[in-house]
Amino acid sequence: MGRRTTRIAAGNSAAPRPAAGPVVHDAGWAGDARAAVGCAVLLLVLLLAIDTGAGTLSVPRGALWTGLAALLFAVLWPARVSVSRGRLVSRGLLSRSGVRTDRLVSVRWSDGVAQRLVLRDADGNRAEIDPKVLVANPPLWRVLDDDSRTSADRGSLRCGETALRQIAARVDRETARTVFRISGLE
């Protein structure tokens, strides 16, 4: 059987990469996606109901409320993160980015309202992910952690070991908390 390759259009490099090992997905993505749809629909229904109750509903106002609900949907839609050996891919509503996790050059926290982890690889590709995804999905974190250690061992990871240690501590804390909760010790 031949090697399977995937084409990821991200950053400056879109060269085919070999698929390596099983792909681990964000287990909470479907729930977050349903919540985004639910919030947008709820907002639309409430706005239309209020406007209808006030007797001011018209086609332009209905279009305005629909556009507002669509905007809320776009803002709330979660990125779908998947990791396989050597590769992390983040797919948003309109964007897709991927990095070679075994060739990372930097991992850092982004500045801004929402906390993001920014990963860059040696090919110039960049991906941003919510650190909560890694904390909520230890299998996803383990693959990324193993590959980042490979990058550090090879000497390509020039900055970001502090950010990775912080994420590791958060994952360990949450895993311990879950174990205590399941065993009834919390």
If I compare all heavy atoms of [X] with all of [Y], which pair ends up nearest, and what's the gap?
X: A79; Y: D26; answer: O-OD2, 4.5 Å
X: L134; Y: W141; answer: O-CB, 3.8 Å
X: W29; Y: P78; answer: NE1-O, 3.2 Å
X: W77; Y: G92; answer: CD1-C, 4.3 Å
X: R61; Y: T56; answer: CD-O, 3.0 Å
X: V23; Y: S82; answer: CG1-CB, 3.8 Å

Please examine the side chains of [Y] and [X], heavy atoms only from C-beta on, and report whether any two atoms are closer than 4.5 Å.
X: L157; Y: L164; result: yes
X: V133; Y: D130; result: yes
X: L140; Y: L144; result: no
X: R85; Y: D147; result: yes
X: D51; Y: L47; result: no
X: L119; Y: R126; result: no
X: P131; Y: Q115; result: yes
X: R34; Y: D32; result: no

Counting only N and O atoms by type, is there a donor-acceptor contact under 3.5 Å from the side chain of [X] to the main-chain atoms of [Y]?
X: R91; Y: S97; value: no
X: R100; Y: R120; value: no
X: D102; Y: T150; value: no
X: T101; Y: R87; value: yes
X: S110; Y: V118; value: no

Identify whether [X] and [Y] are in the same connected component of the hydrophobic contact network (ILVMFWY, side-chain heavy atoms under 4.5 Å).
X: W65; Y: V75; result: no
X: V105; Y: I129; result: no
X: F73; Y: L71; result: no
X: V45; Y: L64; result: no
X: L42; Y: L44; result: no

Next on the checklist: Among V24, T178, D145, T175, which residue satisfies the side chain to side chain contact (heavy atoms under 4.5 Å, CB included) criterion with P138?
Outcome noted: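 Only one of V24, T178, D145, T175 forms a side chain to side chain contact (heavy atoms under 4.5 Å, CB included) with P138, namely T175.
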Item to check | Cationic N near anionic O, under 4.0 Å, R103 to D123 | outcome: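 Answer for the salt bridge query: yes.
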Item to check | Ionic contact status for D146 with R142, cut-off 4.0 Å | outcome: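 Salt bridge: no.
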Atom [atom1] of [X] and atom [atom2] of [Y]: how far apart are they, to the nearest 0.5 Å?
X: L117; Y: Q166; atom1: CG; atom2: CD; answer: 9.5 Å
X: L48; Y: L43; atom1: CG; atom2: CG; answer: 9.0 Å
X: L72; Y: L76; atom1: CG; atom2: CG; answer: 4.5 Å
X: R170; Y: I167; atom1: CZ; atom2: CD1; answer: 5.0 Å
X: L104; Y: R149; atom1: CG; atom2: CZ; answer: 13.0 Å
X: S90; Y: E128; atom1: OG; atom2: CD; answer: 8.5 Å

